[in-house]
2 protein chains.
Amino acid sequence: MHVPCIDCRLRTRACYRPFSTDELAAVASLKADHVTLPAKHDIVREGEVGGALYTLYEGWAFRYARLSGGGRQILDLVLPGDIIGLSSALLGTIRHSVQSLTPVSLCVLGGYPLTELLRRHIDLTLDLLRWRVEEEHRADVRLALLGRRKPLQRIGYLMLETFDRLRRLELAEGTMCPFPLQRQHIADATGLSMIHLNRTLTKLRDDKLARIENKMLIIYDRRRLVELAGYGGKELITQRMLL
Amino acid sequence: MHVPCIDCRLRTRACYRPFSTDELAAVASLKADHVTLPAKHDIVREGEVGGALYTLYEGWAFRYARLSGGGRQILDLVLPGDIIGLSSALLGTIRHSVQSLTPVSLCVLGGYPLTELLRRHIDLTLDLLRWRVEEEHRADVRLALLGRRKPLQRIGYLMLETFDRLRRLELAEGTMCPFPLQRQHIADATGLSMIHLNRTLTKLRDDKLARIENKMLIIYDRRRLVELAGYGGKELITQRMLL
DNA sequence: CGGCTACTTGAATACTTTCAATCCGCGTGG
DNA sequence: CCACGCGGATTGAAAGTATTCAAGTAGCCG
């Protein structure tokens, strides 16, 4: 299944800025292939040299780092529209891995050297730079979350932020959304042991705040959860470009 | 004390790439002023709109976020040559604060609209983008540090990384370097309570690994500390541009 | 010499993890 | 159809780790 950029279902979402005809052609020239992968499969691997650049088209993935000693830290969730492997394309190597959480389909952007394209399209480059600067803020928030927040807040925050990211993509509505992370994933994202995470999740459920069941997240009482988690909801980027 | 870019003492350090004459002129046109501030003074403040862009010329500072509930998370140390307020210049607002740790002197880069300059100098823009992508990796490492590492490792890592950053700037040599952070700063950087941090610091000292005294850091046994902290030492950017 | 700030220590409490089972749902092969 | 095996989810109890509260100490500057 090859999806030409002109037909890209993501491109027309409100959260992406419209391309000029010129830019659309440029990005289309970048697209080399469209591939699918099963769940639990590494899309790129830490240390890889000369890896490709991708856009996640459908499905979920996560960025992660393995630690000496066997642990894993999940660095971020990767949702449709997110770019994978920018570091490969710009620096030649990548320092984190990305693994699929569900079956995924990906745009492979290798048809044209990226830096050449960026040289020609300064507005794309500036957009990319602005996007990286906005992402720095999300990284800062996650750091503060792990450094100074309690388990309940960490989990609540993850739930709310993920829900809102999906809603922006029109992949969630009402009070429910897909949530294909297993317990170990959530533990590795929030810096908790799986067992303690579980107890905290139970408490969230008993308090009728939110629950995760059957790979779905249900938020019962958003107002209280927002307050509890100290969730601002202002972390999300208003509009960005899609590569 | 106004330092013209041509005389900039940082510019010629090996860790910065040389400017073309053109680029140097461009950056010089950006420099509007040179200011000094005392220690413990906010250079930029979270939420500020339309703040300036700075380069830290001398002294130490740190990026931080205040949390609802009174806590503070130190997000990163800011050392000479580091840029402050890119988010102000590119997005119009800033979501974190930066505070001086020692008396500092700063280049104020407001003489010319930054995006105009970036449009004209695509290589600078690409450098900036590459730098942001490299910094993402440092942020990832810090996240894993707080999410999955023990206190001893967090502190050891902070010591080693800071020491190496200083050495690259030719501000450290041998086994000692300046280290003007107080206990509370270290606690807020590593996500520990000050008291527990203190005990851990005592242990590091008793084990003859490292100590902090009189605002100086002394690393007694780098090899063992590297091993203990799981410090790769490959996080540091080889060469970047200086704005 | 106060008065201030930073640092250090002790003890009690609260929080998290580890270890060890148990449970549950699901797909497979008998 | 049902027992079996498997991976994931859940729970209990004990051990370990970190925080809070409360003093107490050291050094510095006016």
Side-chain angles (χ1 to χ4, degrees), chain A residues 38-41 60 62 67 69-74 99 101-102 144-156 159 179-207 210-218 228, chain B residues 38-41 60 62 67 69-74 99-103 145-156 158 178-207 210-218 228:
Chain A
K40 294 179 191 246
H41 198 281
W60 290 47
F62 60 94
L67 293 104
R72 175 177 70 175
Q73 175 68 46
I74 292 192
Q99 183 169 119
L101 216 38
T102 66
L145 208 59
L146 295 202
R148 283 287 180 237
R149 295 302 200 173
K150 298 260 176 294
L152 223 59
Q153 304 180 297
R154 299 189 198 181
I155 298 167
M159 288 173 162
F179 203 80
L181 284 75
Q182 295 176 187
R183 295 295 187 269
Q184 190 59 63
H185 293 123
I186 309 178
D188 288 341
T190 53
L192 303 165
S193 73
M194 206 187 63
I195 291 159
H196 191 69
L197 163 77
N198 229 333
R199 289 192 221 284
T200 313
L201 236 31
T202 304
K203 193 205 281 257
L204 274 173
R205 189 183 329 125
D206 291 348
D207 289 354
R211 87 186 305 158
I212 294 166
E213 202 175 27
N214 280 119
K215 308 208 175 293
M216 293 292 290
L217 164 66
I218 310 168
L228 190 91
Chain B
K40 293 177 191 246
H41 198 279
W60 290 47
F62 59 94
L67 292 102
R72 176 178 70 175
Q73 175 68 46
I74 292 190
Q99 183 170 118
S100 59
L101 214 39
T102 66
L145 209 59
L146 295 202
R148 283 289 181 236
R149 295 302 200 174
K150 299 259 177 291
L152 223 58
Q153 304 180 296
R154 300 189 198 179
I155 298 166
L158 176 67
F179 202 80
L181 284 76
Q182 296 176 187
R183 295 294 187 270
Q184 189 60 61
H185 294 122
I186 308 178
D188 288 340
T190 53
L192 302 166
S193 73
M194 206 186 64
I195 291 162
H196 191 65
L197 163 77
N198 232 328
R199 289 192 222 286
T200 314
L201 236 32
T202 303
K203 194 205 280 254
L204 274 173
R205 188 182 332 123
D206 291 348
D207 288 354
R211 88 186 305 161
I212 293 166
E213 202 175 29
N214 280 118
K215 310 211 174 291
M216 293 293 289
L217 163 67
I218 311 169
L228 189 93

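Below, chain A is the first sequence line, B the second, and so on; all start at residue 1.
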Open item on the list: Classify A:Lys40 by what it touches in the nucleic acid, base, sugar-phosphate, or nothing, heavy-atom distance under 4.0 Å.
Closed with: sugar-phosphate
TODO: Side chain of B:Thr202 only, please: which of D:dT19, C:dT9, C:dT18 is the nearest?
DONE: C:dT9
Task: A:Ile195, nearest nucleotide to its side chain (from C:dA6, C:dT17, C:dC19) - done: C:dC19
- [ ] Report the distance from atom CG of A:Asp206 to atom CZ of A:Arg211, rounding to the nearest 0.5 Å.
- [x] 9.0 Å
- [ ] Report yes if the side chains of B:Arg148 and A:Asp188 come closer than 4.5 Å at any heavy-atom pair, otherwise no.
- [x] yes
- [ ] Take atom CG of B:Leu201 and atom P of C:dA6, then tell me their distance rounded to the nearest Å.
- [x] 16 Å
- [ ] Please determine, for the side chain of B:Arg205, which listed nucleotide (D:dT11, C:dT8, D:dT19) has the closest atom?
- [x] C:dT8
TODO: Take atom CZ of A:Phe179 and atom C1' of D:dA9, then tell me their distance rounded to the nearest Å.
DONE: 16 Å
Task: Rounded interatomic separation in angstrom, taking NZ from A:Lys203 and C1' from D:dT10 - done: 17 Å
- [ ] Using atom CD1 of A:Ile212 as one end and atom P of D:dG8 as the other, report the distance to the nearest whole Å.
- [x] 16 Å
Open item on the list: In whole Å, I'd like the distance from the CG atom of B:Leu146 to the C1' atom of D:dA18.
Closed with: 15 Å
TODO: Check the distance between D:dA14's C1' and A:His196's NE2 and give it to me in whole angstrom.
DONE: 16 Å
Open item on the list: Could you tell me how far apart B:Leu101 (CG) and C:dA6 (P) are, to the nearest whole angstrom?
Closed with: 12 Å
Open item on the list: Is the phosphate of C:dT8 approached by B:Asn198 (side-chain N or O, under 4.0 Å from OP1 or OP2)?
Closed with: yes
Task: B:Arg199 side-chain proximity, nearest of D:dT11, D:dT20, D:dG8 - done: D:dT20
Task: Minimum-distance nucleotide to A:Arg183 side chain [options: D:dT10, D:dT20, D:dG8] - done: D:dT10
TODO: Could you check if a side-chain atom of B:Arg183 sits within less than 4.5 angstrom of a side-chain atom of B:Leu201, using non-hydrogen atoms only?
DONE: yes
Task: Earlier contact from the 5' end, DNA chain D, for B:Asn214 and B:Thr200 - done: B:Thr200
Open item on the list: Tell me the interatomic distance from A:Gln153, atom CD, to C:dC15, atom P, rounded to whole angstroms.
Closed with: 13 Å
- [ ] Would you name the heavy atoms of B:Arg149 and B:Arg154 that are closest together and state the gap between them?
- [x] O-NE, 2.9 Å
TODO: Heavy atoms only: give me the nearest B:Ser100-B:Phe62 pair and the separation to one decimal.
DONE: O-CE2, 4.4 Å
Task: Residue A:Met194, side-chain heavy atoms: nucleotide from D:dG8, D:dC21, D:dT10 that is nearest - done: D:dT10
